[in-house]
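Lettering follows sequence order; numbering is per chain, from 1.
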Number of protein chains: 2
Amino acid sequence: MTTLGYAILGLLAREGLSGYDLTQRMKGRVGYFWSARHSQIYPELARLEDGGFVTHSVVEQRDRPDKKVYEITDVGLEALKDWVTEPPPEKPTRDELTLKAYSVWLADGEEAARVFRAEGLKHEEQLARYEEIRSWMEDEWREDLSSPGSPHFASYATLQRGIIHERGYAEWCRWLAEAVGGEISISGRGEA
Amino acid sequence: MTTLGYAILGLLAREGLSGYDLTQRMKGRVGYFWSARHSQIYPELARLEDGGFVTHSVVEQRDRPDKKVYEITDVGLEALKDWVTEPPPEKPTRDELTLKAYSVWLADGEEAARVFRAEGLKHEEQLARYEEIRSWMEDEWREDLSSPGSPHFASYATLQRGIIHERGYAEWCRWLAEAVGGEISISGRGEA
DNA sequence: GCACTATATGTAAGTATTGACATATGGTAC
DNA sequence: GTACCATATGTCAATACTTACATATAGTGC
């Protein structure tokens with residue numbers, strides 16, 4: 001079973017979904033840290049069904065093309081549950097921006113500062129979006145958030161990871177931009 | 001040019017290295033966030049040489065097999081410099097542990113807590129190693145660390161990213177382990 | 001009617017990465 | 001001497017993922 005397979009099972013364990021639905025949820029990697037295109041999802045669904053982890057039924061629709069709604073099976077649920085508590089294999093972190101930082105000594109300071117400031121801003125914006133969702137969850141799901149057996153708790157946990165990630169990334173970008181470029185370019189301030 | 005190509009150029013911009021040397025540096029992803037096996041590095045070096053970004057000379061050795069030492073060319077240096085200040089393409093973050101967290105509601109709390117505590121510990125250990133290196137850098141490279149034009153500064157910057165990453169990751173693991181399992185299992189303490 | 005969009009499902013070719021296979025030199029331990 | 005390890009350089013098959021190609025339904029705007 002591939003990691004993508006477990007990602008799909010993780011979504012189907014909560015609700016029945018079509019390949020198209022799964023694709024939408026995997027796009028923005030909202031709430032959880034995996035993503036895939038539809039060209040990877042459809043073949044994977046076929047493999048999952050082959051292995052008996054999911055089943056599908058065709059749902060006819062009036063104003064849209066028919067769809068296949070996939071549901072997780074008991075076998076799938078069991079496999080997913082077991083996978084959760086298996087220690088994950090070490091996979092190398094690859095981060096292109098950090099790799100750029102490794103060669104930043106070659107670049108013009110101002111130009112580099114612009115890049116890292118811009119990236120930092122993106123992460124701050126993502127952080128703000130995540131924090132808004134967190135507030136919403138804390139209002140709407142209050143009781144669930146102290147119940148580790150609830151899917152809402154698990155969604156909150158992955159969001160929490162996202163928040164910590166974005167906060168740290170933004171912090172580093174700001175620090176580095178400051179170190180290589182100094183001066184934030186606001187017209188009317190700074191030298192030259 | 002691939003990202004791996006720039007990773008290699010980033011190392012060669014600092015010193016001439018053999019394919020074997022590059023492999024060693026790419027293994028532990030020490031100090032910077034990329035990794036590759038020798039089976040990917042050797043063909044990439046050939047492509048880089050084809051494109052005129054690097055050259056190699058054979059160095060004969062007494063007690064070891066001969067080696068090819070690669071050096072970056074002016075063309076390579078220019079390409080690397082330009083790449084540093086190009087905004088990086090958005091690549092989706094894929095994190096298997098966070099994906100597991102998304103389905104943690106299905107698992108036994110104690111079992112899950114063990115997994116996340118163990119992962120948290122790994123990140124704390126990595127953090128400790130990074131912090132030791134940082135201390136060493138701050139002692140040895142004092143002046144360089146305020147010069148963005150120095151390669152030492154760039155190494156320090158990537159290490160700084162590593163520290164922030166590990167700190168945040170460890171924090172999240174501890175939080176989640178606590179939330180799903182409570183109780184740290186020290187014999188003589190806790191219920192059951 | 002025509003262009004465009006969202007929904008819906010697929011396939012195929014190419015790139016990136018991993019894991020296994022393959023070979024050679026020269027040192028150390030037994 | 002032979003087994004094993006570090007050094008050193010490669011290839012190849014398989015997997016994971018992306019990008020592009022391909023098709024169909026039905027609604028909206030012009």
Side-chain angles (χ1 to χ4, degrees), chain A residues 1-8 11-12 16-29 33-51 54-70 88-96 99, chain B residues 1-8 11-12 16-29 33-51 54-70 88-96 99:
Chain A
M1 175 90 81
T2 64
T3 307
L4 174 60
Y6 290 112
I8 292 172
L11 286 163
L12 294 182
L17 294 167
S18 68
Y20 187 81
D21 294 333
L22 285 163
T23 304
Q24 300 307 319
R25 280 166 179 70
M26 295 260 197
K27 249 181 210 169
R29 65 207 172 289
F33 280 27
W34 208 262
S35 89
R37 310 295 175 86
H38 80 274
S39 57
Q40 208 185 353
I41 290 169
Y42 286 111
E44 187 63 38
L45 278 169
R47 272 192 293 275
L48 287 171
E49 191 157 37
D50 239 49
V54 305
T55 50
H56 84 266
S57 51
V58 177
V59 173
E60 287 174 44
Q61 299 184 114
R62 263 153 246 168
D63 22 345
R64 299 171 187 194
D66 299 352
K67 62 178 174 180
K68 295 183 184 176
V69 173
Y70 287 85
E90 278 203 64
K91 294 228 198 94
T93 315
R94 289 195 178 88
D95 187 288
E96 197 163 333
L99 189 62
Chain B
M1 175 88 83
T2 64
T3 307
L4 174 61
Y6 290 112
I8 292 172
L11 285 163
L12 295 181
L17 294 167
S18 68
Y20 187 81
D21 295 333
L22 285 163
T23 303
Q24 301 307 319
R25 279 166 179 69
M26 295 259 196
K27 250 181 207 166
R29 63 210 173 291
F33 280 25
W34 207 263
S35 90
R37 310 295 175 85
H38 79 273
S39 57
Q40 207 185 353
I41 291 170
Y42 287 111
E44 187 64 37
L45 279 169
R47 273 192 293 275
L48 287 171
E49 190 156 40
D50 239 51
V54 304
T55 50
H56 84 267
S57 51
V58 176
V59 174
E60 287 175 44
Q61 299 185 115
R62 266 154 245 167
D63 23 345
R64 298 172 189 193
D66 299 351
K67 62 177 175 181
K68 296 183 184 175
V69 173
Y70 287 85
E90 277 202 66
K91 293 228 198 94
T93 315
R94 288 195 178 89
D95 185 289
E96 196 164 332
L99 189 61

List in chain and number order the residues that pass side-chain contact (heavy atoms from CB on, under 4.5 Å) with Thr3(A), two or more places apart in sequence or in another chain; answer none if no residue qualifies.
-> Trp34(A), Lys91(A), Glu96(B), Leu99(B)
Kindly say if Lys91(B) contacts the phosphate of dT18(D), meaning a side-chain N or O under 4.0 Å from OP1 or OP2.
-> no
Test side chain to side chain contact (heavy atoms under 4.5 Å, CB included) on Leu4(A) and Met26(A) and set out the steps.
-> CA-CA 10 Å; Leu4(A) 174 60; Met26(A) 295 260 197; 3.9 Å; yes
dA8(C) C1' sits how many Å from Lys27(A) NZ, rounded?
-> 12 Å
Interatomic distance, Leu12(A) atom CG to Thr55(A) atom OG1 [nearest 0.5 angstrom] | 9.5 Å
What nucleic acid atoms does Arg37(B) come within less than 4.0 Å of, heavy atoms only: base, sugar-phosphate, or nothing?
-> sugar-phosphate
For Arg64(B), what residues pass the salt bridge (charged side-chain N to carboxylate O under 4.0 Å, His left out) criterion, not counting sequence neighbours?
-> none
Rounded to the nearest 0.5 Å, the CD atom of Gln24(B) sits from the CG atom of Leu11(B) at a distance of 12.0 Å
Can you tell me if the side-chain N/O atoms of Tyr20(A) get under 4.0 Å from OP1 or OP2 in dT9(C)?
-> no
Counterpart residues, side-chain contact (heavy atoms from CB on, under 4.5 Å), relative to Arg47(B) (two or more places apart) = Pro43(B), Glu44(B)
Closest of dT11(D), dT11(C), dA8(C) to the Pro43(B) side chain is dT11(D)
Taking atom NZ of Lys27(A) and atom CZ of Arg37(A), what is their separation to the nearest 0.5 Å?
-> 9.0 Å
Distances for protein N or O near nucleotides 21-30 of chain C N or O, under 3.5 Å:
none

Starting at the 5' end of DNA chain D and moving along, which residue's nearest nucleotide shows up first, Tyr70(B) or Thr3(A)?
-> Tyr70(B)
Under-4.0 Å side-chain N/O to phosphate OP1/OP2 contact, Tyr42(A) with dT9(C) | yes
For Ser39(B), report the nucleic acid contact type (base, sugar-phosphate, nothing); a contact means any heavy atom under 4.0 Å.
-> base
Would you mind reading off the distance between Met26(A) atom CE and dC17(D) atom P, rounded to a whole angstrom?
-> 11 Å
Separation of Ile8(B) atom CD1 from dT17(C) atom C1', in whole Å?
-> 13 Å
Between CD of Gln24(A) and C1' of dT5(C) the distance, given in whole Å, is 13 Å
Starting at the 5' end of DNA chain D and moving along, which residue's nearest nucleotide shows up first, Gln40(A) or Gln40(B)?
-> Gln40(B)
Does a nitrogen or oxygen in the side chain of Ser18(B) sit under 4.0 Å from OP1 or OP2 of dT9(D)?
-> yes
Could you give the CG-to-P distance, from Asp21(A) to dA8(C), as a whole number of Å?
-> 6 Å
Starting at atom CZ of Arg47(A), determine the distance to atom C1' of dT11(C), rounded to an integer number of angstrom.
-> 13 Å
Euclidean distance, atom CH2 of residue Trp34(B) to atom P of dT18(C) [Å, nearest integer] | 10 Å
Return the angle between end axes of the helix from dG1(C)-dC30(D) to dC30(C)-dG1(D), with five pairs used per end and rounding to 10°.
-> 10°
Applying side-chain contact (heavy atoms from CB on, under 4.5 Å), name anything that partners His56(B), two or more places apart in sequence or on another chain.
-> Glu49(B), Val58(B), Lys68(B), Tyr70(B)
So, do Val69(A) and Asp21(A) sit near enough that their side-chain heavy atoms are less than 4.5 Å apart?
-> no
In whole angstroms, the gap separating P of dG10(D) from CD of Glu44(B) amounts to 14 Å
Any chance you could measure Leu17(B), atom CG, to Leu45(B), atom CG, to the nearest 0.5 Å?
-> 9.5 Å
